[in-house]
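To start, the structure itself, in structure tokens.
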Amino acid sequence: MLALLDGNNFYVSSETVFRPALAGLPVVVLSNNDGCVISRSDAARALGIKMGAPWFKVSHLADSDGLVALSANFPLYGDISDRMMSLAAGLGPAQEIYSIDECFVSLDGIPGDLVDRARRVRARILKWIGIPCCVGIGPTKTLAKLANHIAKNAERKPGSYPAHLAQVCHLGAMPQAELLDLMASTAVGEVWGIGRRIEAQLQEANIRTARDLATADVPTIRQRWGVVLERTVRELQGVACLQLDEQPAPKKEIACTRSFGHPVTTLPELLEAITEFATRAAVKLRDQQSLANQVMVFAHTSPFRSGPRFSRSCVTPLSRPTADTRRLVAAGVAGMRKIYESGYLLSKAGVMLLDLQDDKIEQGALALEPESKDQTVLMGTLDEVNRRYGRGTVTVGSAGTSNKPRGWEMKQARRTPAYTTDWNDLAITRA
DNA sequence: TCTGGGGTCCTAGGACCC
DNA sequence: TCTGGGGTCCTAGGACCC
């Protein structure tokens with residue numbers, strides 16, 4: 001048996017831990033450059049704000065309905081996530097951290113009432129960390145996910161599911177008929193692995209609910225949609241196709257990409273951005289002890305606006321695998337110089353490190369080269385300094401860039417939330 | 001005015017080989 | 001003029017996830 005535990009409205013809940021007066025208010029957390037909504041409180045959801053909604057389309061709700069918007073603070077969310085995960089691990093013998101706000105936990109060999117156990121862990125997370133969460137339990141990952149969906153909605157939308165399934169829902173210990181009823185109340189698009197496209201195709205084939213999918217003809221599914229959907233169907237039937245992965249493999253590619261705060265048109269500005277992206281990606285690369293063999297860069301104009309379109313990418317092979325920021329930046333800059341063309345309002349660019357390998361494989365071969373040893377020491381020192389004194393304390397320059405304020409970074413100071421917290425009485429007052 | 005960022009897996013089709 | 005069958009590898013693109 002497996003549990004899926006996840007934090008409700010995780011980013012908003014994390015903010016609320018430090019600003020309790022936000023509780024109950026319509027609150028959203030916005031993406032980079034305050035572009036779009038990436039987390040909503042229940043009250044914000046009730047205002048009809050969709051996940052991913054562009055901020056400029058919903059910002060009027062700040063005036064009309066007191067919607068509070070906050071810029072994302074990822075270091076905070078990461079820290080709260082670590083604490084939540086360590087308590088969630090108490091559910092069972094093995095844990096897979098699936099994303100910043102959710103984890104699967106194996107319940108194998110756990111004696112006693114699993115629902116009671118889950119409720120106690122949930123209560124502990126709420127009390128010690130301040131994050132409300134829900135737990136779904138089932139014999140497969142897909143069923144645990146479904147159980148979690150039921151647990152959340154039974155709480156959030158009373159009447160959608162039986163009230164006793166709120167917060168903790170165990171699908172592995174109920175009669176088949178009851179399980180099928182719950183599935184019949186669940187739209188097929190809510191099933192883990194069914195996105196918009198597949199949902200539309202399933203609808204057309206008259207498969208509308210989770211129950212329809214769970215009872216569909218497997219060979220037909222496989223033939224028309226392939227193995228991925230077949231696995232989902234089998235998982236819904238209780239046959240585990242996806243294993244718990246306690247130690248996720250190292251990343252096969254590492255990216256750093258950003259939308260610009262305002263359109264970028266000049267090469268120097270673009271190269272500055274590429275230098276920063278490559279630098280950040282290089283840190284991630286060293287953190288997982290990998291080396292890259294290729295550097296890919298891309299830039300494009302906004303897909304949402306009219307005007308001349310530009311979208312190009314360039315892969316630069318490296319002469320030998322490396323994790324040296326200077327080499328990675330140089331390759332990225334060289335690639336961008338190749339594809340850049342003036343006359344376009346670029347909205348986004350990025351760097352991806354590809355064809356990664358374990359750095360230990362290379363160590364033997366390169367140990368003889370004094371230069372590579374120096375690189376390793378230098379990069380280790382760089383990472384340590386930046387860890388201790390903050391990212392960007394020591395950076396690598398690249399030709400054509402300067403250390404002027406980075407115009408591409410921030411749209412402008414829309415980061416000020418519409419409300420501020422008065423720390424004395426924790427009341428929310430209009431800024 | 002203003003639309004996120006970072007991943008994974010699968011498939012189809014082409015190139016190439018014997 | 002006639003021109004097999006099967007395998008592998010690579011890449012681009014599609015779809016999904018949070």
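Quick note on labels: first sequence line is chain A, next is B, and so on, each numbered from 1. Everything quoted here is computed from the prediction, not taken from an experiment. We use all heavy atoms of the structure for the numbers below, so side chains are in, but hydrogens, waters and symmetry mates are not.
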| said: In this structure, how many angstroms lie between the P atom of B/dG7 and the CZ atom of A/Arg258, rounded? | reply: 11 Å
| query | Between B/dG4, B/dT8, C/dC18, which nucleotide gets closest to the side-chain atoms of A/Lys251? | reply | B/dT8
| task | State whether A/Thr257 places a side-chain N or O below 4.0 Å from either non-bridging phosphate oxygen (OP1 or OP2) of B/dG6. | result | yes
| remark: Of A/Pro250 and A/Phe74, the one whose nearest nucleotide on DNA chain B sits closer to the 5' end is A/Phe74
| task | Please assess A/Val37 against A/Leu30 for the test side-chain contact (heavy atoms from CB on, under 4.5 Å), listing each intermediate value before the final yes or no. | result | CA-CA 5 Å; A/Val37 172; A/Leu30 303 175; 3.9 Å; yes
| said: Just to be sure I understand the rule, does A/Glu253 reach a base, reach only the sugar-phosphate, or reach nothing, if contact means heavy atoms closer than 4.0 Å? | reply: base
| message | I'd like to know if the side chain of A/Glu235 reaches the main chain of A/Thr142, judged simply by a donor and an acceptor atom lying under 3.5 Å from each other, with no hydrogens or angles considered. | response | yes
| Partners of A/Ala210 by side-chain contact (heavy atoms from CB on, under 4.5 Å), sequence neighbours excluded? | A/Met183, A/Thr186, A/Val191
| remark: A/Arg40 CZ to C/dC18 P, in whole Å, measures 13 Å
| request: Look at the side-chain N and O atoms of A/Lys348 and state whether any lies under 4.0 Å from the OP1 or OP2 oxygen of B/dT3. | output: no
| query | Which listed nucleotide (B/dT3, C/dC18, B/dC9) is nearest to the side chain of A/Phe56? | reply | B/dT3
| Proximity to the side chain of A/Tyr98 - top-ranked nucleotide from C/dC18, B/dC2, B/dG6 | C/dC18
| field | Modelled atom types, side-chain donor and acceptor of A/Asp324 and A/Thr322, under 3.5 Å | value | no
| remark: side-chain hydrogen bond (donor to acceptor under 3.5 Å, both in side chains) pairs touching residues 76-90 of chain A, sequence neighbours excluded, are A/Glu15-A/Tyr77, A/Asp79-A/Arg83
| field | Whole-Å distance separating the CD1 atom of A/Ile49 from the C1' atom of B/dG4 | value | 17 Å
| said: The side chain of A/Pro54 is closest to which nucleotide in this list: C/dC17, B/dG4, B/dT3? | reply: B/dT3
| Please, which pairs that meet side-chain hydrogen bond (donor to acceptor under 3.5 Å, both in side chains) have at least one residue in residues 282-298 of chain A, sequence neighbours excluded? | A/Arg286-A/Thr325, A/Arg286-A/Asp383, A/Gln288-A/Ser290, A/Gln289-A/Lys360, A/Asn293-A/Gln357
| query | Expressed in whole Å, how much space separates the C1' atoms belonging to B/dC16 and C/dG4? | reply | 16 Å
| request: Just grab all the ring pair (Phe, Tyr, Trp, His ring centres under 6.0 Å) pairs involving residues 185-242 of chain A, residues at least two apart or on different chains. | output: A/Tyr98-A/Trp192, A/Phe104-A/Trp192
| message | Between A/Asp355 and A/Lys252, does any side-chain N to carboxylate O distance fall below 4.0 Å? | response | no
| message | Using a 4.0 Å cut-off on heavy atoms, which residues in residues 186-216 of chain A reach DNA chain B? List them by number, or say none. | response | none
| note | Partner of A/Leu328 under side-chain contact (heavy atoms from CB on, under 4.5 Å), picked from A/Val351, A/Val295, A/Val333, is A/Val295
| said: One thing to verify: whether A/Lys145 and A/Glu190 come together as a salt bridge, which I'm taking to mean a side-chain N less than 4.0 angstrom from a carboxylate O. | reply: no
| field | side-chain hydrogen bond (donor to acceptor under 3.5 Å, both in side chains) partners of A/Arg305, counting only residues at least two apart | value | none
| query | Is there a residue in residues 217-240 of chain A whose heavy atoms reach under 4.0 Å of DNA chain B, and which residues are they? | reply | A/Val227, A/Val228, A/Arg231
| message | Apply side-chain contact (heavy atoms from CB on, under 4.5 Å) to residues A/Thr140 and A/Val239 and explain how you reach the verdict. | response | CA-CA 7 Å; A/Thr140 65; A/Val239 180; 5.7 Å; no
| Minimum side-chain heavy-atom gap A/Gln243-A/Lys141 below 4.5 Å | no
| query | Nearest-Å distance, NZ (A/Lys252) to P (B/dG7)? | reply | 13 Å
| request: Enter the distance from A/Leu356:CG to A/Glu253:CD here, rounded to the nearest 0.5 Å. | output: 8.0 Å
| message | What is the separation between atom CD1 on A/Ile254 and atom P on B/dG6, rounded to the nearest whole Å? | response | 11 Å
| salt bridge (charged side-chain N to carboxylate O under 4.0 Å, His left out): pairs with one or both residues in residues 206-226 of chain A, sequence neighbours excluded | A/Arg222-A/Glu230
Is there any protein nitrogen or oxygen under 3.5 Å from a nitrogen or oxygen in nucleotides 14-16 of chain B, and what are the pairs?
none

| query | NA contact type, A/Lys145, heavy-atom cut-off 4.0 Å: base, sugar-phosphate, or nothing? | reply | sugar-phosphate
| Near DNA chain B, which residues from residues 294-312 of chain A have a heavy atom under 4.0 Å away? | A/Phe304, A/Arg305
| query | A/Asp42: what forms a side-chain hydrogen bond (donor to acceptor under 3.5 Å, both in side chains) with it, not counting sequence neighbours? | reply | A/Asn9
| task | Please state how far atom CG in A/Asn148 lies from atom P in C/dC17, giving the value in whole angstrom units. | result | 14 Å
| message | Whether the side chain of A/Asp101 engages the backbone of A/Phe10 through a donor-acceptor N/O pair (distance < 3.5 Å, no angle test) should be reported. | response | no
| query | Would you say the side-chain atoms of A/Ser313 pair up with the backbone N or O of A/Phe298, donor to acceptor, closer than 3.5 Å? | reply | no
| Can you check whether A/Ser99 has a side-chain N or O nearer than 4.0 Å to OP1 or OP2 of C/dC17? | no
| field | Length of the line joining A/Met352:CE and C/dT11:P, which is rounded to integer Å | value | 14 Å
| task | Please state how far atom NZ in A/Lys57 lies from atom C1' in B/dG4, giving the value in whole angstrom units. | result | 15 Å
| field | Paired and unpaired positions of DNA chain C as dot-bracket, Watson-Crick or G-U wobble under 3.5 Å, | denoting a partner strand | value | ....||||||||||||||
